[in-house]
Amino acid sequence: GLGACSLLSFASYAMAPGPASRDLSGIWELRYDSQSVPSAKLTASAKAAAPAMATKDVESRRWCRVGGMPFIMLEAPLINIRQSRAEIVIAPQMQAFVRHLYTDGVARADLEDFDPATNGYSVAKWEGDVLVVETRGFSDLGITAIPGGGYRTEDSRLVERFRLLDGGKRLAVTSTWTDPGVFAEPHTYEVRYYRSDVGARASAQACDPFEAGREEFFAPALRPR
């Protein structure tokens, strides 16, 4: 795997495959108008479990646990994308594992040999100028909430479609989640990122679980009801 600390060395040999319309490399920024998220249609069991899952997520935030997907794509102010001929790496501006989207055509999705992870396991392919990413193999650790309602489980499947807009100034990512235990029907939403100016840096943001006042801040949300 490629750690977040080695992104600079990765960038030194990264080669964007194909035309500029397929070059996703850059620093991308979330803004006030970046998200378009409808309400998810949940199963009865998912609705019943939602309060407990929300409390679990608050606890993960309180203790600075690694967030995972889709948290890292939606709550980091900036994401850093770098691509080579074999994979695309996405590093969020927060304390989290980077994502690896494998584009080399090698079938690595045998989940029997893959330990579940907060980011899951992603295999990607280009369909014209659209990058289609399938992710499975999620764990139940970290922050599991999904925009619009619901949460990821080990049975979740995520399909994302990345495409550049406005001459490469914006990046649209359409996400569709399926999970028979959570969603009554596939749940789809879109997030649009803005390309940052040349020279922008997505420096990692540290999280200290023992920071003064942190326990008191989260206490109301964790108090038994």
Side-chain angles (χ1 to χ4, degrees), residues 1-31 34-35 66-109 114-115 117-139 142-143 158-175 190-207:
L2 180 69
C5 62
S6 59
L7 264 180
L8 291 179
S9 60
F10 175 85
S12 67
Y13 66 80
M15 299 176 64
S21 57
R22 289 187 174 188
D23 184 5
L24 307 182
S25 293
I27 307 295
W28 297 93
E29 176 187 357
L30 285 172
R31 296 183 182 175
S34 286
Q35 299 185 29
V66 173
M69 283 291 293
F71 173 79
I72 62 174
M73 298 291 290
L74 292 160
E75 295 211 20
L78 300 173
I79 56 173
N80 186 353
I81 300 181
R82 292 291 179 264
Q83 69 188 79
S84 72
R85 297 188 185 280
E87 68 171 320
I88 296 173
V89 173
I90 303 178
Q93 191 186 26
M94 59 176 51
Q95 188 168 300
F97 297 124
V98 301
R99 294 186 69 190
H100 298 268
L101 316 181
Y102 296 106
T103 57
D104 56 3
V106 178
R108 292 189 179 88
F114 176 74
D115 291 331
T118 56
N119 285 348
Y121 190 92
S122 301
V123 177
K125 63 180 180 179
W126 289 98
E127 294 183 356
D129 291 335
V130 177
L131 180 72
V132 181
V133 183
E134 179 180 1
T135 305
R136 295 185 294 154
F138 294 105
S139 72
I143 298 172
L158 169 63
V159 175
E160 298 163 287
R161 301 177 70 86
F162 291 69
R163 68 189 193 283
L164 291 171
L165 306 174
D166 195 18
K169 295 179 181 179
R170 290 186 295 167
L171 172 64
V173 182
T174 302
S175 300
E190 182 174 274
V191 178
R192 294 190 177 185
Y193 303 85
Y194 292 80
R195 188 185 292 276
S196 293
D197 295 335
V198 175
R201 294 179 178 272
S203 302
Q205 295 179 345
C207 180

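For the numbers below, each heavy atom of this structure counts, side chains included, while hydrogens, waters and symmetry mates do not. These numbers were taken from a predicted model, which means no experiment stands behind them.
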Flag side-chain contact, heavy atom, 4.5 Å: [X] against [Y]:
X      : Y      : result
Leu171 : Ile81  : yes
Leu101 : Gln83  : no
Val130 : Arg163 : yes

Please step through side-chain contact (heavy atoms from CB on, under 4.5 Å) for the pair Leu131 and Thr103, ending with a clear verdict.
-> CA-CA 9 Å; Leu131 180 72; Thr103 57; 4.2 Å; yes

Could you list the residues that satisfy side-chain hydrogen bond (donor to acceptor under 3.5 Å, both in side chains) with Asp166, not counting sequence neighbours?
->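 Scan of Asp166 (side-chain hydrogen bond (donor to acceptor under 3.5 Å, both in side chains), adjacent residues dropped) gives none.
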
By side-chain hydrogen bond (donor to acceptor under 3.5 Å, both in side chains), which residues pair with Glu160, not counting sequence neighbours?
->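 If we apply the side-chain hydrogen bond (donor to acceptor under 3.5 Å, both in side chains) test to Glu160, skipping adjacent residues, the hits are Arg99.
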
List the steps, then state whether side-chain contact (heavy atoms from CB on, under 4.5 Å) holds for Ile79 with Met73.
-> CA-CA 7 Å; Ile79 56 173; Met73 298 291 290; 4.2 Å; yes

Shortest non-hydrogen contact from Thr118 to Phe97?
-> OG1-CD1, 4.1 Å

Rounded to the nearest 0.5 Å, what's the gap from [atom1] on [X] to [atom2] on [Y]? Could you check?
X      : Y      : atom1 : atom2 : result
Arg31  : Arg192 : CZ    : CZ    : 13.5 Å
Ile90  : Leu24  : CD1   : CG    : 8.0 Å
Leu158 : Ser122 : CG    : OG    : 7.5 Å
Leu30  : Tyr193 : CG    : OH    : 5.0 Å

Return the set of residues passing salt bridge (charged side-chain N to carboxylate O under 4.0 Å, His left out) with Lys169 (not counting sequence neighbours), or none when no residue passes.
->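 Listed in chain order: nothing, the list is empty.
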
State which residues pass salt bridge (charged side-chain N to carboxylate O under 4.0 Å, His left out) with Arg170; sequence neighbours excluded, sorted by chain then number.
-> none

Who pairs with Arg195 by side chain to side chain contact (heavy atoms under 4.5 Å, CB included), at least two apart in sequence or on another chain?
->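 So Arg195 forms a side chain to side chain contact (heavy atoms under 4.5 Å, CB included) with Trp28, Leu164.
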
Can you name the residues that form a side chain to side chain contact (heavy atoms under 4.5 Å, CB included) with Glu75, not counting sequence neighbours?
-> Arg61, Phe71, Met94

